Amino acid sequence: MPTVNIDQDKLQDFIRMLRKFDRDLQGQWRALNVTWKNLEATWHDQEREKFLRDWQEVINAMEGYLSDAETYEQFLMRKDRALDAFLGR
């Protein structure tokens with residue numbers, strides 16, 4: 001007989017927290033990018049170029065995560081719905 005190896009309440013808590021985290025992160029990321037653009041327009045020395053190379057790695061990582069965040073949420077939501085069906089809820 002199949003068994004369930006996950007606490008559905010904890011899964012649902014995680015989904016809620018992940019959604020909030022993603023929304024908060026998106027808002028903070030947008031605000032940080034605006035602030036960066038303002039700084040970038042006024043910063044013209046060689047240290048800026050060094051910083052920009054490193055900052056670009058952060059940008060790529062954040063944009064990658066943010067573009068995949070909904071996929072993670074959807075996967076977990078499908079898991080939650082499958083648990084509901086399995087448990088007859």
Side-chain angles (χ1 to χ4, degrees):
M1 177 169 191
T3 61
V4 175
N5 293 317
I6 190 169
D7 182 319
Q8 190 174 16
D9 291 333
K10 289 180 181 177
L11 174 62
Q12 290 169 348
D13 288 344
F14 182 78
I15 292 168
R16 277 190 296 278
M17 290 187 75
L18 182 62
R19 282 181 171 163
K20 181 180 181 336
F21 173 79
D22 290 342
R23 283 191 311 268
D24 293 348
L25 184 61
Q26 288 171 348
Q28 292 293 318
W29 184 245
R30 281 191 298 270
L32 185 60
N33 276 313
V34 168
T35 304
W36 165 246
K37 292 298 180 189
N38 291 335
L39 173 61
E40 187 179 33
T42 64
W43 188 4
H44 301 290
D45 63 16
Q46 62 191 15
E47 291 297 314
R48 175 190 171 272
E49 294 305 317
K50 181 179 181 287
F51 177 83
L52 187 55
R53 283 191 300 273
D54 294 338
W55 183 240
Q56 191 59 51
E57 291 180 31
V58 172
I59 291 170
N60 293 342
M62 287 296 297
E63 296 294 334
Y65 173 78
L66 290 172
S67 70
D68 291 342
E70 188 172 336
T71 301
Y72 303 141
E73 291 176 22
Q74 294 299 320
F75 169 81
L76 293 171
M77 290 171 57
R78 283 192 304 276
K79 178 77 169 173
D80 185 48
R81 285 192 299 274
L83 283 168
D84 278 343
F86 178 77
L87 298 171
R89 295 183 186 167

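Bear in mind the structure is a predicted one, so any value in this text is a computation, not a measurement.
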Problem set entry | Geometric class of the Y65/F21 ring pair [parallel <30°, tilted 30-60°, perpendicular >60°] | perpendicular
Exercise. Taking the inter-plane angle between the rings of W43 and F51 on a 0 to 90° scale, is it parallel (under 30°), tilted (30 to 60°) or perpendicular (over 60°)?
Worked result: tilted
For this session: Would you confirm whether N33, through its side chain, and W29, through its main-chain N or O, come within 3.5 Å as a donor-acceptor pair?
Result: yes
Exercise. Where the side chain of D9 meets the backbone of Q12, is there a donor-acceptor pair that is under 3.5 Å apart?
Worked result: no
To the closest 0.5 Å, what do you measure between [atom1] ([X]) and [atom2] ([Y])?
{"X": "L11", "Y": "M77", "atom1": "CG", "atom2": "CE", "answer": "10.5 Å"}
{"X": "F86", "Y": "I6", "atom1": "CZ", "atom2": "CD1", "answer": "12.5 Å"}
{"X": "M17", "Y": "I15", "atom1": "CE", "atom2": "CD1", "answer": "12.5 Å"}

For this session: State yes or no: do V34 and M62 share one hydrophobic cluster built from I, L, V, M, F, W and Y residues joined by side-chain heavy-atom distances below 4.5 Å, directly or via other members?
Result: no
For this session: Take atom CD of Q56 as the centre, draw a 6.0 Å sphere, and report whether it contains more than 12 heavy atoms from other residues, nucleotides or ligands.
Result: yes
Problem set entry | Verdict with reasoning, T42 to L39, per side chain to side chain contact (heavy atoms under 4.5 Å, CB included) | CA-CA 5 Å; T42 64; L39 173 61; 4.1 Å; yes
Exercise. Does the pair K50/E47 count as a salt bridge with the N-to-O cut at 4.0 Å?
Worked result: no
Problem set entry | Salt bridge R16-D13, side-chain N to carboxylate O under 4.0 Å | yes
